[in-house]
Amino acid sequence: MDEDTPVKVHIYDLTKGMARQFSQMFIGKHLDGVWHTGVVAYGQEFFFGGQGIESCPPGTTVLGPPDSIVDLGTTCLPREIFLDWMNGMSLTTFKGSRYHLLDHNCNNFSNEMAQFLTGKSIPSYITDLPAEILATPLGPQLRMMFDQVANSVTASHVGLDPSRTFGPSSARSPSFDAEEEELMAAARAAVEAPMPRATARVRDPDDSGSDTDEVFQAVSSASGSDRKKPYVFSNIDVTEAYSQLQRGLAGVVPPEDSEILDEVFEFATTTEDNHLALSVSRNHFTFLSDILVSEELGGNLKIQAAKMLQYLVQASPAISVLRMCLEHPIMEYLLVLGKQRNPEPHELCEALKLICNACSSSSGLSWVTDEAEWADLVMDQKLSNVLVTVQFCAWCLAKPSKDVQENAAKLTFNLSSADIPDNLAVLLGEALLKLFANSSSQPQQLSDAVVEPAVAALTSFVELSTQLAQSDRIPGIDWTALQARFPKSKDQIAGLIAKLNAAKSSKRAATTTNT
């Protein structure tokens, strides 16, 4: 197991003290410095300039030793995963042609890298500096001077160590030494299980065919496996989703946002080095989630954006990026859906599939069921990923749509693999019990595709939560009739009944003893 790696920010004053002495006189505002930063991790210092992302031994840039160092703690990400992410960034968000001294500079890169590795930002006095300078009366004139400084620093960077540049041309340079070649080979093999390829077929939303028309991984609860195999919806036509988004957003979003969509599609359809899993950034998730929560865009565009996300979240490194998104874009989408009076069943299904797919890896399940609290500024309340997910899932189980119930049951099964808080296990368990209780009056609502994952999930929750197993609020359910209607799940239902009866007997015995 890899040890945690220290992460530090090296901070340099490009003016070598002149800003501190003369800034008040020249621009009417005191500045302690004009800052350049690099992030030190895995034994290298990484920085961004006109040549793209580069690296060198810590403290050996032409700027000399850093003026100060900020310790951000450690990261547990393997070096190979980090380098693949870095190479992806060098081809997209932080390629050299996108460098701008004021708007997209070394400090923006350092902040992105710091958040990716540790979830922490670099000091705000650094990232806020351009806006502060441009707000002064001399701001417009200073832009020319800064451009000159940028050209000088960029020219110097070329001589640092070109063999370690992350741009696409040097990534295949014959000047790589044996150690670098070996490291890059390890990076390409970092993802043990490659991402599923996008397929040419997608289920028609109006298709009322059999349950086998939906492509997902089969449920397995065989003994000997530490984690039950989750439901994963892998039959995603990324090309069609991209085409519909491209047409629907034409003239609606600015060109730079269209480029983000193009990047997502490029990642999803590129097989070389598995770029999808390791090149996706916060920008891509934010862009797609903005479509999901938009009040102006139509439902079909939201469904297509959800499909793109369904594909992206199957990659563990993409989950790492989501952990760094302070806006919690996917969870915010679930909150928006949950506030709608009459949401479209099709959109609910796609949202449920999205969270199901996020549970396809251990890291994804951990993210979905994360109990760390974050603030919902709109509702002024504290939430967590697991709370939002469980409430949304329970809400969907109560919907009249058979398809929504089916996908909610599958998500409930995926969640049952995690050790979720007892009160939330009770919430999901009671939602499943109500689903079974209501089936006596609406038998057409249930199918094997609902019952199998629902019974398996409920059994897990009963084992997890004594409160659920002994609850007096369990509705009357004709389990014998349920077994007769669904013979495939007969044994599972029998096992569930036995656990419920055992829990009730234990409760009665405890009550008698106390009496």
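Not measured: the values here are computed from a predicted model.
- Heavy atoms only, all atoms of each residue included: I81 and L77 are closest at CG2-CD2, 4.4 Å.
- Salt-bridge formation is not detected for the pair K434/E430: no Lys NZ or Arg NE/NH1/NH2 atom is positioned less than 4.0 Å from an Asp or Glu carboxylate oxygen.
- Side-chain contact between T369 and E371 is absent, with no heavy-atom pair separated by less than 4.5 Å.
- At a threshold of 4.5 Å between non-hydrogen side-chain atoms, the residues W367 and I330 count as touching.
- Taking the six-membered ring where the residue is Trp, Y242 and F265 present parallel rings, their angle staying beneath 30° rather than reaching 60°.
- T389 contributes a side-chain N or O that, together with a main-chain N or O of N385, makes up a donor-acceptor pair within less than 3.5 Å.
- Rounded to the nearest 0.5 angstrom, K488 NZ and D448 CG are separated by 5.0 Å.
- Between Q405 and L435 the shortest side-chain heavy-atom distance falls below 4.5 Å.
- Nearest heavy-atom pair across L292 and A306 is CD2-N, 3.8 Å.
- Taken from CG in N108 to OG1 in T127, the straight-line distance is 8.0 Å, to the nearest 0.5 Å.
- For the pair S294 (side chain) and I291 (backbone), a donor-acceptor distance under 3.5 Å is absent.
- Counting only heavy atoms from C-beta outward, the side chains of H10 and T37 never approach each other to under 4.5 Å.
- Ring geometry, H328 versus W374: the interplanar angle falls under 30°, so the pair is classed parallel (tilted spans 30 to 60°).
- Ring centroid separation for the pair H104 and F48 comes in under the 6.0 Å cut-off.
- To the nearest 0.5 Å, atom CG of residue L334 and atom CZ of residue F392 are 5.0 Å apart.
- Between R98 and E259 there is a salt bridge, with a side-chain nitrogen of the basic residue lying less than 4.0 Å from a carboxylate oxygen of the acidic one.
- Between S360 and V232, the closest heavy-atom pair is CB-CG2, 3.5 Å.
- Between the S289 side chain and the T286 main chain, a donor and an acceptor come within less than 3.5 Å of each other.
- Note that SG of C76 and CG of L117 are 9.5 Å apart. Values are rounded to the nearest 0.5 Å.
- One N or O on the side chain of Q310 and one on the backbone of E350 form a donor-acceptor pair closer than 3.5 Å.
- A donor-acceptor contact shorter than 3.5 Å is absent between the side chain of D403 and the backbone of H346.
- Judged by distance alone, the side chain of N357 and the main-chain N or O of F233 form a donor-acceptor pair under 3.5 Å.
- Remark: E344 CD is loosely packed, at most 12 non-hydrogen atoms of other residues, nucleotides or ligands lying under 6.0 Å away.
- Looking at L297 and V252, their side chains come closer than 4.5 Å, going by heavy atoms from C-beta outward.
- Listed here is the closest heavy atom pair of F47 and G38: CB-CA, 4.3 Å.
- Across all their heavy atoms, Q304 and L245 have their closest contact at CB-CG, 3.8 Å.
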Derivation of the side-chain contact (heavy atoms from CB on, under 4.5 Å) call for K95 and S90:
CA-CA 5 Å; K95 58 186 178 183; S90 75; 6.0 Å; no

Check step by step if side-chain hydrogen bond (donor to acceptor under 3.5 Å, both in side chains) holds for E452 and Q492.
CA-CA 8 Å; E452 288 182 22; Q492 279 186 305; over 6 Å; no

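- Between Y42 and F82, the two ring planes are parallel [angle under 30°; tilted spans 30° to 60°].
- For the atom pair Q340 CD and L335 CG, the distance stands at 11.5 Å (nearest 0.5 Å).
- Counting only heavy atoms from C-beta outward, the side chains of T5 and T74 never approach each other to under 4.5 Å.
- L352 has its side chain out of reach of K410: every pair of non-hydrogen atoms, C-beta onward, lies at least 4.5 Å apart.
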Please lay out, stage by stage, how Q391 and L427 fare under the test side-chain contact (heavy atoms from CB on, under 4.5 Å).
CA-CA 8 Å; Q391 288 181 338; L427 178 61; 4.2 Å; yes

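- Remark: the backbone N or O of S362 is not paired with any side-chain donor or acceptor of S366 at under 3.5 angstrom.
- Between T412 and F461, the closest side-chain pair of non-hydrogen atoms falls below 4.5 Å.
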I'd like to know whether V386 forms a side-chain contact (heavy atoms from CB on, under 4.5 Å) with D370, so could you lay out the CA-CA distance, the side-chain angles of the two residues, the decisive distance to 0.1 Å, and finally the verdict.
CA-CA 5 Å; V386 67; D370 192 348; over 6 Å; no

Start with the C-alpha gap between Q115 and L72, add the side-chain angles, then the distance that decides, and say whether side-chain contact (heavy atoms from CB on, under 4.5 Å) holds.
CA-CA 10 Å; Q115 289 186 349; L72 295 181; over 6 Å; no

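- Heavy atoms only, all atoms of each residue included: V7 and A41 are closest at CG2-CB, 4.4 Å.
- For the atom pair CG (L91) and CD (E263), the distance works out to 10.0 Å, reported to the nearest 0.5 Å.
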